[in-house]
Participant: 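Just passing along the structure, written as structure tokens.
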Amino acid sequence: MTDLLASLNDAQRRAVTCTDGPLLVLAGAGTGKTRVITVRAAHLMQQGVAPEQILMVTFTNKAAREMQERLCSLAGAAANQATVGTFHRFCMRLIREHAAALDLPPGFGICDSSDQLSAVKGALRELRIAETAVDPRAAQSKISLFKNALISSEQAMDQAEDDWDIMVARCYTKYEEHLRRHRMLDFDDFLLFALRLLEEKEELRKQIAARYRYVMVDEYQDTNAPQYRIVRALVQDHRNLCVVGDDDQSIYAWRGADVRRILDFEKDFPGAENVRLETNYRSTAEILDAANKVIRNNPKRHDKELISALGAGSTVSVMGMEDEDHEASFVAGEIRYQVESQEERYGDFAILCRTGQQPRAFEAELRSAGIPYRLVGGTSFFDRKEVRDVLAYLRLLANPADESAFLRIANTPPRGIGKGSLDRVVERATELGDTAWRAFRSMVDAGEISGAPARGFTALREILNQAHVVLQEGDLPRLIQEVLALTNYRAEIERIYGDHETQELRWNGVLEVVDFAASFQRKNKKGDLASFLQELSLSTDERDKEEDSGDQVTLMTLHAAKGLEFRRVYLVGLEEGILPHKRAAAEGGVEEERRLMYVGITRAQQDLTITFCGSRTRFGKLQPCHPSRFLFELKEKTPPEGWLATDAPSVVQEAVPVPRNTKKKRPARRPGSRL
DNA sequence: TGTGTCCGAGACGAA
DNA sequence: CTCGGACACA
């Protein structure tokens with residue numbers, strides 16, 4: 001404990017010891033940002049601050065987990081009493097604790113992204129707007145953006161400039177009605193309701209703010225409007241706020257983050273101290289050189305250059321591949337070679353990509369090469385059909401108003417309730433402003449629905465009634481077992497999936513939900529069903545955690561990689577259309593894409609290899625593609641005329657070197673491509 | 001009502 | 001290619 005400060009450089013030490021009042025730490029990638037924030041918390045504890053008074057907020061579960069672990073290793077088990085978590089989780093707990101003050105039902109349901117989409121579709125249907133006129137996905141993300149910019153549906157209506165805007169604003173209104181009617185909150189609501197609590201209930205704000213005397217915010221460049229105001233409300237009495245961030249790593253503008261927040265910090269909190277961390281302890285000079293060359297093409301930024309404390313290393317390689325299969329087998333071959341020659345462990349490697357579907361090719365290749373890997377993010381455990389089915393039963397039990405849960409399980413397993421009846425039920429429910437469940441019941445009672453669907457409804461009601469009895473016991477794992485038994489879900493799995501192996505796999509997924517519930521109840525003695533579901537909605541797959549100790553290659557998106565570091569990094573798919581991503585570029589977001597590239601480069605400690613493909617399978621067809629403009633920036637060259645146009649000039653194909661890879665031997669490395 | 005099949009659109013990122 | 005939605009049948 002005593003030498004907490006000894007291992008820090010001057011700037012870091014200043015950041016750690018400046019404990020009171022507002023403090024801005026501008027920390028470039030790899031300059032010990034997490035180290036500073038955790039040592040700072042440990043230092044506070046050493047100074048006599050109780051851990052319960054410390055609040056540390058991050059953006060991802062992964063960052064929160066890592067911070068908690070590092071804090072514990074610095075300050076011991078007492079550090080578990082500190083509040084460390086994501087904004088969303090922190091807010092969700094606040095809301096739950098003060099549900100009454102917010103007029104929220106205690107067992108409010110969570111509207112996850114697929115429910116959001118159904119809600120938007122429902123709103124469009126109600127408004128008689130064709131999905132061809134307004135793409136539900138576009139509307140949904142626009143609504144989310146509104147909410148994260150604290151723009152109400154009335155304001156959205158006022159500022160609408162064309163028909164599309166108006167339709168989306170009306171959809172926004174309906175969407176909100178839909179959520180309230182079904183006692184649901186979406187992810188954005190966590191922030192908004194917490195903010196309402198803090199800004200409208202002064203007594204409660206005082207009480208909550210007094211609990212956290214020292215507040216630290218990680219990745220401050222990613223805060224959006226509600227997050228900023230939540231923080232402001234929490235610290236306004238004591239102003240003990242430390243924010244850490246890097247404008248060059250702002251990659252969440254699409255979620256409403258506003259880089260200006262970090263640039264304006266000193267304006268928002270007058271008299272703030274300011275510390276800059278510029279010595280990079282993570283990467284070699286070559287890697288930082290590459291990072292600097294790319295990021296300096298962004299016009300609006302704090303001028304800063306990372307300086308390597310490690311010195312020179314090996315050259316950053318840029319490799320052209322024929323297609324994504326070759327790319328994958330090249331990377332797999334290299335990793336295997338280096339591990340077999342005992343240069344590295346699997347755990348030292350990361351493969352970073354821009355989109356969530358790129359990992360597919362890599363997964364297949366790594367598996368067939370017998371290389372252990374873990375895929376971070378991606379289609380999560382909670383998106384699996386069988387898991388969603390089981391959770392839908394639980395959601396309906398916790399919140400009978402949960403329409404999408406009801407629609408999901410109404411006929412799963414099949415019990416004679418077809419699409420026709422469900423459509424009528426939903427129609428009626430919308431008409432009456434009532435829940436689908438109650439509408440169904442009244443229609444059955446009135447004889448408007450009879451025969452098979454009515455019998456099915458009775459059967460379903462019986463299942464839920466019995467489950468409800470078990471629910472009263474408060475034993476979640478047992479409740480889930482009961483639901484599985486009542487629905488005969490095992491048989492349903494066997495009915496759907498032909499082969500035995502798949503059946504086992506799916507059933508295991510179901511059993512894992514039981515395990516989740518068991519471990520939730522071990523941790524929260526009085527945890528009820530609603531809070532279990534609420535917590536679950538914010539969980540990424542916690543099973544990663546256990547496997548973390550294993551020696552595995554990490555496969556993930558750039559967004560998921562922020563804050564992490566690996567000895568050897570493969571940054572893959574560096575093509576126009578992927579990085580920068582086509583859609584992001586079209587929306588004028590090339591600068592943010594460049595920051596993503598910067599984030600990717602700066603994850604590497606010792607060795608960085610960048611790959612791109614000459615062609616790539618899209619929509620089942622092989623399509624030519626050409627190297628990213630960022631590769632030209634890396635080489636300090638200008639892309640040829642017409643580079644950024646949709647179709648590639650034929651010259652491109654020749655300019656792309658395509659080294660082939662043989663699996664067993666180490667592939668020839670070609671430092672630098674001939675761009 | 002349940003099941004099968006065809007068709008067309010499609011994919012950015014996280015909590 | 002791969003999923004969801006629409007449609008045709010039993």
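Note on naming: letters A, B, ... go to the chains in the order of the sequence lines (proteins, then strands), and numbering restarts at 1 for each one.
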Participant: With ring centroids as reference points, do A:Phe146 and A:Tyr175 lie under 6.0 angstrom apart?
Facilitator: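 Here the rings of A:Tyr175 and A:Phe146 have centres that are no less than 6.0 Å from each other.
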
Participant: May I ask you to verify if any side-chain N or O of A:Ser537 is less than 4.0 angstrom from the OP1 or OP2 atom of B:dA15?
Facilitator: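 No, because none of the side-chain N or O atoms of A:Ser537 sits under 4.0 Å from OP1 or OP2 of B:dA15.
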
Participant: Between A:Asn61 and B:dA14, is there a contact of a side-chain N or O with OP1 or OP2 at under 4.0 Å?
Facilitator: no

Participant: How are the rings of A:His88 and A:Phe190 set to each other: parallel, tilted or perpendicular (split at 30° and 60°)?
Facilitator: perpendicular

Participant: Under 4.0 Å: is that the gap between some side-chain N or O of A:Ser539 and OP1 or OP2 of B:dA15?
Facilitator: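 Checking A:Ser539 against B:dA15: no side-chain N or O falls below 4.0 Å of OP1 or OP2.
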
Participant: Checking contacts here: which listed nucleotide (B:dA14, B:dG2, B:dT3) is nearest the side-chain heavy atoms of A:Asn411?
Facilitator: B:dG2

Participant: Any donor and acceptor pair, going by atom type alone, linking the side chain of A:Asn298 with main-chain N or O of A:Lys300 inside 3.5 Å?
Facilitator: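 Pair absent, no side-chain N/O of A:Asn298 close to backbone of A:Lys300.
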
Participant: Could you work out which one of B:dA11, B:dA14, B:dG2 sits closest to the side chain of A:Thr60?
Facilitator: B:dA14

Participant: Write down the distance between CD (A:Glu575) and P (B:dA11), rounded to a whole number of angstrom.
Facilitator: 20 Å

Participant: Which of the following nucleotides, B:dT3, B:dC12, B:dA15, is nearest to the side chain of A:Glu593?
Facilitator: B:dC12

Participant: What integer number of Å spans the C1' atoms of C:dA6 and B:dA11?
Facilitator: 22 Å

Participant: Identify, between A:Gly420 and A:Ile251, the residue whose nearest nucleotide on DNA chain B lies closer to the 5' end.
Facilitator: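 Mapping each residue to its closest nucleotide by heavy atoms, the 5'-most match is A:Gly420.
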
Participant: Return a table of donor-acceptor pairs under 3.5 angstrom between the side chains of residues 451-461 of chain A and protein atoms on other chains or two or more places apart.
Facilitator:
| unit_1 | atom_1 | unit_2 | atom_2 | d |
| --- | --- | --- | --- | --- |
| A:Thr458 | OG1 | A:Ala454 | O | 3.0 |

Participant: Taking only side-chain N and O atoms of A:Arg255, does any of them lie within less than 4.0 angstrom of OP1 or OP2 on B:dA14?
Facilitator: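 No, outside the criterion.
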
Participant: Rounded to whole angstrom units, what separation is found between the CG atom of A:Leu375 and the C1' atom of B:dA14?
Facilitator: 14 Å

Participant: When we call it a touch if two heavy atoms are under 4.0 Å apart, what does A:Tyr252 touch: a base, just sugar-phosphate, or nothing?
Facilitator: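 Since only primed, P, OP1 and OP2 atoms lie under 4.0 Å of A:Tyr252, the category is sugar-phosphate.
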
Participant: Report the residues that fulfil side-chain hydrogen bond (donor to acceptor under 3.5 Å, both in side chains) with A:Arg408, sequence neighbours left out, ordered by chain and then residue number.
Facilitator: A:Asp389

Participant: Residues in side chain to side chain contact (heavy atoms under 4.5 Å, CB included) with A:Glu363, at least two apart?
Facilitator: A:Arg367, A:Tyr373, A:Leu375, A:Leu555

Participant: Judged by modelled atom types alone, do A:Asp323 and A:Ser615 share a side-chain donor-acceptor pair under 3.5 Å?
Facilitator: no

Participant: Taking only N and O in the side chain of A:His88, is any of them less than 4.0 Å away from OP1 or OP2 of B:dA15?
Facilitator: no

Participant: Could you tell me whether A:Phe59 contacts a base, only the sugar-phosphate backbone, or nothing, with contacts defined as non-hydrogen atoms closer than 4.0 Å?
Facilitator: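 Sugar-phosphate contact only - A:Phe59 comes under 4.0 Å of backbone atoms but never of a base.
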
Participant: Could you give the CZ-to-C1' distance, from A:Arg618 to B:dA9, as a whole number of Å?
Facilitator: 14 Å

Participant: Tell me the interatomic distance from A:Gln623, atom CD, to B:dG10, atom P, rounded to whole angstroms.
Facilitator: 15 Å

Participant: Extract from the structure each pairing of a protein N or O with an N or O of nucleotides 5-7 of chain B at less than 3.5 Å, listing the distance.
Facilitator:
none

Participant: Whole angstroms only, please: what is the CZ-C1' distance between A:Arg137 and B:dA14?
Facilitator: 14 Å

Participant: Can you find a side chain N or O atom of A:Arg424 that sits less than 4.0 Å from OP1 or OP2 on B:dT1?
Facilitator: no

Participant: A:Arg583 has a side chain; which of B:dA15, B:dG2, B:dC12 sits nearest to it?
Facilitator: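 Selected nucleotide: B:dC12.
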
Participant: For nucleotides 1-10 of chain C, just jot down a letter per nucleotide in 5' to 3' order: B, S or -, based on protein non-hydrogen atoms under 4.0 Å.
Facilitator: BS--S-----

Participant: Can you measure A:Lys62 atom NZ to B:dA15 atom P for me and round it to whole angstrom units?
Facilitator: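 Value for this atom pair: 7 Å.
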
Participant: A:Ser118: which residues meet the side chain to side chain contact (heavy atoms under 4.5 Å, CB included) condition with it, sequence neighbours left out?
Facilitator: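 Per chain and number, A:Ser118 pairs via side chain to side chain contact (heavy atoms under 4.5 Å, CB included) with no residue.
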
Participant: Please classify the nucleic acid contact of A:Leu596 as base, sugar-phosphate, or nothing, using heavy-atom distances under 4.0 Å.
Facilitator: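 Since no nucleic acid heavy atom lies under 4.0 Å of A:Leu596, the category is nothing.
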
Participant: Using whole Å, report how far CD of A:Gln227 lies from P of B:dA15.
Facilitator: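 A:Gln227 atom CD is separated from B:dA15 atom P by 12 Å.
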
Participant: Checking A:Leu505 now: which residues fulfil side chain to side chain contact (heavy atoms under 4.5 Å, CB included) with it, not counting sequence neighbours?
Facilitator: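 Partners of A:Leu505 by the side chain to side chain contact (heavy atoms under 4.5 Å, CB included) criterion come out as none, since no residue qualifies.
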
Participant: Going by side-chain hydrogen bond (donor to acceptor under 3.5 Å, both in side chains), name the residues that satisfy it together with A:Arg229, two or more places apart in sequence or in a different chain.
Facilitator: A:Glu199

Participant: Figure out the CG/C1' separation between A:Leu117 and B:dG10, and round it to whole Å.
Facilitator: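 That distance rounds to 13 Å.
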
Participant: Once side chain to side chain contact (heavy atoms under 4.5 Å, CB included) is applied, do any residues pair with A:Pro136, and if so which ones, sequence neighbours excluded?
Facilitator: A:Leu117, A:Val120, A:Lys121, A:Leu124, A:Glu131

Participant: Considering heavy-atom distances to DNA chain B, does A:Asp188 or A:Pro414 have its closest nucleotide positioned more toward the 5' end?
Facilitator: A:Pro414

Participant: Just checking A:Arg495: base, sugar-phosphate only, or nothing, at a heavy-atom cut-off of under 4.0 Å?
Facilitator: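 Sugar-phosphate contact only - A:Arg495 comes under 4.0 Å of backbone atoms but never of a base.
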
